[in-house]
2 protein chains.
Amino acid sequence: MIFCGAIRFMLQESHSSPTFSPLYRQIKSLILQGLESGEWRPGEAIPSETELAVRFGVSQGTVRKAIDEMAAENLLIRRQGKGTYVASHNDADQRAKFRFLRLIPESGTLDSPQSQPLEFWRAKAGQEASRILGIKLGAPITIIRRLLKFAAKPVVIDEIYLPGEVFVGLSLEMLQEHRGSFYGLLESQFGVRMIRAEEHLRAVAADRANAALLAVAEGTPLLSVERVSYTYGDRPVEWRRGLYLTAEHYYLNELG
Amino acid sequence: MIFCGAIRFMLQESHSSPTFSPLYRQIKSLILQGLESGEWRPGEAIPSETELAVRFGVSQGTVRKAIDEMAAENLLIRRQGKGTYVASHNDADQRAKFRFLRLIPESGTLDSPQSQPLEFWRAKAGQEASRILGIKLGAPITIIRRLLKFAAKPVVIDEIYLPGEVFVGLSLEMLQEHRGSFYGLLESQFGVRMIRAEEHLRAVAADRANAALLAVAEGTPLLSVERVSYTYGDRPVEWRRGLYLTAEHYYLNELG
DNA sequence: AAGTGGTCTAGACCACGAG
DNA sequence: TCGTGGTCTAGACCACTTC
């Protein structure tokens with residue numbers, strides 16, 4: 001607490017600076033640093049608004065505005081009366097667990113998918129993987145193929161590309177033993193939290209192998225979902241391609 | 001201005017009310033009423049924050065919070081130094097014009113699609129249309145079929161269902177003559193502004209007729225996009241089904 | 001210079017959760 | 001009862017746009 005009030009002077013003072021950003025954004029990036037550095041881990045509470053205000057030497061309202069933005073970006077979760085928490089893919093909330101999965105059963109009940117790993121191997125990044133993941137050509141990558149089942153029926157085939165240097169020690173056993181979502185595992189085991197993702201959707205025809213896995217005829221139209229996921233600092237750390245069988249499910253998207 | 005300060009007493013005073021909502025939300029719904037009633041039309045400026053604060057008998061900060069939320073919902077657009085404007089599908093901004101179209105060309109240049117009306121007829125609402133559009137069975141509906149071309153190539157077939165009682169007088173000529181987006185036309189000609197939409201995506205096979213229109217082989221996988229669009233008060237006013245050819249385009253979705 | 005939205009502050013009080 | 005986030009206020013000053 002020696003620094004109380006002192007940090008204020010380290011913040012940008014001048015409005016005429018060419019790289020000017022408002023105080024609450026500077027506070028925001030300070031809190032972000034705390035998240036990236038692991039000072040506050042997913043699921044934990046960060047200090048109260050008043051405490052952060054004292055620490056950073058600004059008013060409580062300024063801290064509040066910084067936290068408001070981060071809550072809107074799903075980085076933090078506010079709980080009235082309790083505190084502000086670091087968002088996690090391991091929350092009790094089921095919606096948080098499969099936040100990035102937009103596949104909905106045609107008729108009614110939304111049950112959690114069950115993951116069945118098919119293959120797991122290591123390789124070297126080719127042109128496309130190195131470009132998309134922002135790693136060197138030939139850098140180690142880990143590839144996972146898996147099947148997702150809804151109500152015991154196979155519906156999704158995923159092929160997941162991960163930069164090997166980020167997820168060292170990931171193994172097939174970890175995937176098989178893990179309960180919960182894939183991103184929850186990456187978060188708790190490797191400290192890498194997925195913040196946002198970008199998906200490219202296309203309609204494609206099932207080839208022989210994938211058709212067999214999904215128990216449909218070769219050539220059946222499938223929804224191809226290519227996803228790149230990003231962690232703090234917009235750093236890409238996952239590239240995957242999903243093939244969705246949309247006979248009894250649909251992909252839901254809300255347009256604002 | 002006779003009512004200055006008086007309206008304040010019409011707002012909810014008690015926090016113990018079972019239907020309690022904070023003051024800024026009440027202000028928000030008052031502004032919303034102004035939008036719905038057409039007091040402020042799309043593209044126009046609403047009164048300044050200070051003026052609204054006086055009119056509603058609350059502080060400027062409370063009005064500000066109400067407007068903040070509405071700007072986040074794309075209902076209003078703030079312009080520093082100028083004022084706050086009602087959002088419109090006819091904005092100069094190209095992004096606003098095709099806000100709901102997520103189809104991106106595979107390679108580079110994003111040019112505006114060109115719409116070519118194919119068919120236009122009136123019918124009576126069946127089971128599905130009446131359920132989705134929230135109108136009576138047998139109520140009049142208007143159906144439009146059209147082709148969307150990117151760079152002179154046919155890429156999208158749309159079939160659009162509109163409640164006839166909302167869009168009386170809509171004609172094929174209006175569609176042919178109109179420059180700009182379809183929603184821009186509905187907004188300027190019928191005063192109905194689309195706020196949000198919900199899309200259900202599936203992969204399907206092209207039938208003979210649609211394959212011919214898109215100049216592809218019968219059975220080619222297409223992206224089926226069913227959309228329900230809502231205006232103020234979450235009232236559904238459009239149901240459409242699009243068939244997207246995703247050979248040289250993809251559907252982009254951002255996951256937060 | 002005037003008017004608009006944008007930022008920042010300080011303080012009051014309310015609602016919620018936990019002990 | 002206490003500490004947390006949530007709401008509301010009043011006032012100061014800054015930045016941008018227009019005149």
Side-chain angles (χ1 to χ4, degrees), chain A residues 4-5 7-9 11-31 40 44-72 75-87 92, chain B residues 4-5 7-9 11-31 40 44-72 75-87 92:
Chain A
C4 288
I7 282 195
R8 185 65 168 85
F9 298 112
L11 296 175
Q12 191 183 64
E13 294 281 339
S14 166
H15 279 227
S16 53
S17 163
T19 58
F20 168 73
S21 78
L23 199 45
Y24 74 89
R25 280 203 192 276
Q26 301 177 49
I27 300 303
K28 186 178 167 184
S29 89
L30 285 175
I31 298 175
W40 308 304
E44 292 178 3
I46 68 172
S48 73
E49 293 179 356
T50 53
E51 188 178 335
L52 289 173
V54 171
R55 178 187 303 194
F56 297 139
V58 299
S59 83
Q60 186 254 8
T62 300
V63 171
R64 183 166 191 78
K65 183 148 185 177
I67 292 178
D68 275 346
E69 281 203 1
M70 299 178 73
L75 295 174
L76 298 175
I77 297 174
R78 319 190 75 134
R79 291 189 185 127
Q80 181 170 146
K82 298 186 70 175
T84 300
Y85 294 76
V86 183
Chain B
C4 286
I7 283 196
R8 186 65 168 85
F9 298 111
L11 297 174
Q12 190 182 64
E13 294 282 338
S14 166
H15 279 226
S16 53
S17 163
T19 58
F20 168 74
S21 77
L23 199 44
Y24 74 89
R25 280 201 191 278
Q26 301 177 50
I27 300 303
K28 185 178 167 185
S29 90
L30 285 175
I31 298 173
W40 308 303
E44 293 178 2
I46 67 171
S48 73
E49 294 180 355
T50 53
E51 187 178 336
L52 288 174
V54 171
R55 179 187 303 196
F56 297 139
V58 300
S59 82
Q60 186 253 9
T62 300
V63 171
R64 184 166 191 77
K65 184 147 186 178
I67 292 179
D68 275 345
E69 281 202 1
M70 298 179 73
L75 296 175
L76 298 175
I77 297 175
R78 319 190 76 136
R79 291 188 185 129
Q80 182 170 146
K82 298 186 70 175
T84 301
Y85 293 76
V86 182

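Computation of the quantities below employed the complete heavy-atom set of this structure, encompassing side-chain atoms and omitting hydrogens, waters and symmetry-equivalent molecules. Residue numbering restarts at 1 for every chain, and letters A, B, ... go by the order of the sequence lines.
Residues passing the side-chain contact (heavy atoms from CB on, under 4.5 Å) test with B:T84, sequence neighbours excluded: B:I46, B:I67, B:L76, B:R78. When the salt bridge (Lys or Arg N to Asp or Glu O under 4.0 Å) test is applied to B:E44, no partner is found at least two apart in sequence or on another chain. Listed by chain and residue number, nothing satisfies the side chain to side chain donor-acceptor pair (under 3.5 Å) test with B:Q80 (two or more places apart in sequence, or in another chain). A:I77 pairs by the side-chain contact (heavy atoms from CB on, under 4.5 Å) definition with A:R79, A:A87, A:D91, not counting sequence neighbours. Residues that satisfy the salt bridge (Lys or Arg N to Asp or Glu O under 4.0 Å) test with A:K65, not counting sequence neighbours, are absent from this structure. For A:T50, the side chain to side chain donor-acceptor pair (under 3.5 Å) test picks out A:S48, with sequence neighbours left out.
With rounding to whole Å, A:Y24 atom OH is found 7 Å from C:dC8 atom P. For the pair A:D68 CG and C:dC8 C1', the computed distance is 14 Å after rounding to whole Å. Summarising the geometry, the separation between CG on A:L52 and C1' on D:dG3 is reported as 15 Å, rounded to the nearest angstrom. Distance B:Q26 CD to D:dG6 P: 19 Å, rounded to the nearest Å. Separating the NZ atom of B:K28 from the P atom of D:dG6 is a distance of 16 Å, rounded to the nearest angstrom. One atom, CZ of A:R79, and another, C1' of C:dA15, lie 17 Å apart when rounded to the nearest Å.
Side-chain atoms of B:Q26 come within 3.5 Å of backbone N or O of B:S21 as a donor-acceptor pair.
Using a 4.5 Å heavy-atom cutoff, the side chains of B:Y24 and B:R64 are not in contact.
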Shorter than 3.5 Å, N or O on both sides, protein versus nucleotides 17-19 of chain C: list them out with atom names.
residue: C:dA18; atom: OP1; partner: A:K82; partner atom: NZ; Å: 3.4

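DNA chain D lies under 4.0 Å from at least one heavy atom of each of the following residues of residues 59-67 of chain A: A:R64.
Using a 4.0 Å cut-off, some side-chain N or O of B:T84 falls inside it from OP1 or OP2 of C:dG5.
Side-chain proximity of A:V58 to the nucleotides D:dT4, D:dT9, C:dT9 is greatest for C:dT9.
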